[in-house]
Amino acid sequence: MTPPSTRVLVRRARDGVLDWVRSTPGTHIWLLIIGITSLVIASASEGLEQFLLHRNSSNIHELNEHPLPSLLISGFWIEQPGSFLLYAVMFELVHANVERWMGSWRWLLTVGAAHVAATLASQELVLLAIEGHQLPRSMTHVVDIGVSYGLAAAAGALTYRLPSPWRYVYLVGLLGFFGVPLVTGATFTDFGHAIALALGFASWPLTPAARVDAAVEHVPDAHATDGDATGAGGGADGPEPPPGGRQE
């Protein structure tokens, strides 16, 4: 058999990439926006960079002044533009796989809810620490942007996608990655990661695996069905009543 030509291989690779992107539109639109905002930060002056990072943060000050925009916009910026390639790899490995598996709307609900909940909870922790004089009041203006809360939630949901025994190996690694910082001098960001990861685990009802399990539970047992039919008909060998009347 003649091996496929280079042109055929290139066409197959292109079609595979296009199919992957079409099946995960949310991941790649999000990644595109992050790429644009990273270019803006990389090309900005130091003063403009600091203004943009603080203005688009979901810190206490911005949540009080612009609650809804700050919650939404903060998820489209990263503080270090040089980290974009690393985030691109993580998006393809985590977000894209979860979106393709769960579907775009269920994936968006999972990561969106985790981003909002983790942001609000972590900033509430900062506020309590400020009021308790454990943090300076300047922390109300701390830079709090990024996509890590959504990634943590998607990573948690991905647990249900993996087959055993790899699922448990992955789970141990995930708990260690997010759990060790939490118990060894946690920051408000570590606290947010833990909440987002927990919400990712809680997304089980939205996964295809949960829907399959629910469908299986509603399938009647074949033996029970046969038994019910036998009882109702008087048994396979039993006499049947004549039409129109009771057998004597």
Side-chain angles (χ1 to χ4, degrees), residues 24-84 86-88 90-91 94-96 98-99 102 104-131 135-157 187-200 202-203 206:
T24 54
T27 295
H28 291 95
I29 291 172
W30 192 0
L31 191 58
L32 175 62
I33 297 173
I34 294 170
I36 294 171
T37 58
S38 296
L39 285 175
V40 171
I41 291 295
S43 59
S45 64
E46 184 176 353
L48 179 57
E49 175 186 345
Q50 289 304 310
F51 170 78
L52 290 172
L53 291 177
H54 284 87
R55 182 63 180 81
N56 293 293
S57 287
S58 51
N59 54 39
I60 295 172
H61 173 76
E62 292 298 332
L63 285 173
N64 285 330
E65 295 291 327
H66 317 283
L68 189 57
S70 66
L71 276 173
L72 297 178
I73 296 173
S74 63
F76 294 102
W77 296 78
I78 56 176
E79 192 169 357
Q80 301 294 334
S83 306
F84 175 75
L86 174 61
Y87 280 113
M90 296 303 297
F91 267 54
V94 180
H95 277 308
V98 174
E99 182 182 2
M102 293 179 69
S104 294
W105 289 111
R106 291 182 177 88
W107 162 81
L108 182 60
L109 177 61
T110 300
V111 299
H115 173 76
V116 171
T119 298
L120 293 176
S122 61
Q123 288 304 310
E124 180 65 23
L125 183 67
V126 172
L127 180 60
L128 292 174
I130 291 172
E131 292 175 346
L135 287 176
R137 190 159 294 276
S138 60
M139 287 292 290
T140 57
H141 295 272
V142 68
V143 173
D144 184 25
I145 60 173
V147 298
S148 59
Y149 293 158
L151 267 172
T187 64
F188 71 91
T189 303
D190 296 326
F191 180 67
H193 287 153
I195 291 176
L197 181 64
L199 289 174
S203 69
L206 299 176

What distance do [X] atom [atom1] and [Y] atom [atom2] have between them, rounded to the nearest 0.5 Å?
| X | Y | atom1 | atom2 | result |
| --- | --- | --- | --- | --- |
| H193 | S148 | NE2 | OG | 3.0 Å |
| I73 | T37 | CD1 | OG1 | 11.0 Å |
| E49 | S43 | CD | OG | 10.0 Å |
| L151 | L197 | CG | CG | 11.5 Å |
| I34 | W77 | CD1 | CH2 | 11.5 Å |
| I60 | E124 | CD1 | CD | 8.0 Å |

Any heavy-atom pair between the side chains of [Y] and [X] that's under 4.5 Å?
| X | Y | value |
| --- | --- | --- |
| H66 | R55 | yes |
| S70 | H61 | no |
| L135 | F188 | no |
| V98 | T110 | no |

- Task: Test R106 against L109 for side-chain contact (heavy atoms from CB on, under 4.5 Å), laying out the working first.
- Result: CA-CA 5 Å; R106 291 182 177 88; L109 177 61; 5.6 Å; no
Heavy-atom pair of closest approach, residues [X] and [Y]:
| X | Y | answer |
| --- | --- | --- |
| I145 | I78 | CD1-C, 3.8 Å |
| T140 | R137 | OG1-O, 2.9 Å |
| V143 | S57 | CA-OG, 3.4 Å |
| L31 | A88 | CD1-CA, 3.8 Å |
| G26 | E99 | N-OE2, 2.9 Å |
| P81 | I41 | CG-CG2, 3.5 Å |

- Query: Is the number of heavy atoms from other residues, nucleotides or ligands within 6.0 Å of CD (E131) greater than 12?
  - Reply: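 Count over threshold, so yes.
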- Message: Below 30° counts as parallel, above 60° as perpendicular, anything between as tilted: where do the rings of H115 and Y149 land?
- Response: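 The rings of H115 and Y149 sit tilted, inter-plane angle from 30° to 60°.
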- Item | Full working for side-chain contact (heavy atoms from CB on, under 4.5 Å) between T27 and W107 | CA-CA 9 Å; T27 295; W107 162 81; 3.8 Å; yes
- Query: Counting only N and O atoms by type, is there a donor-acceptor contact under 3.5 Å from the side chain of N59 to the main-chain atoms of D144?
  - Reply: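 Flag not set: sc N59 to bb D144 has no pair under 3.5 Å.
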- Task: Go through the steps to decide whether V147 and W30 satisfy the test side-chain contact (heavy atoms from CB on, under 4.5 Å), and finish with yes or no.
- Result: CA-CA 10 Å; V147 298; W30 192 0; 3.8 Å; yes
- Task: Could you go through the side-chain contact (heavy atoms from CB on, under 4.5 Å) check for S203 and L199 one step at a time?
- Result: CA-CA 6 Å; S203 69; L199 289 174; over 6 Å; no
- Message: Hydrogens and angles aside, do T24 and H95 bring a side-chain donor and acceptor to less than 3.5 Å of each other?
- Response: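 Looking only at side-chain atoms, H95 and T24 do not form any donor-acceptor pair under 3.5 Å.
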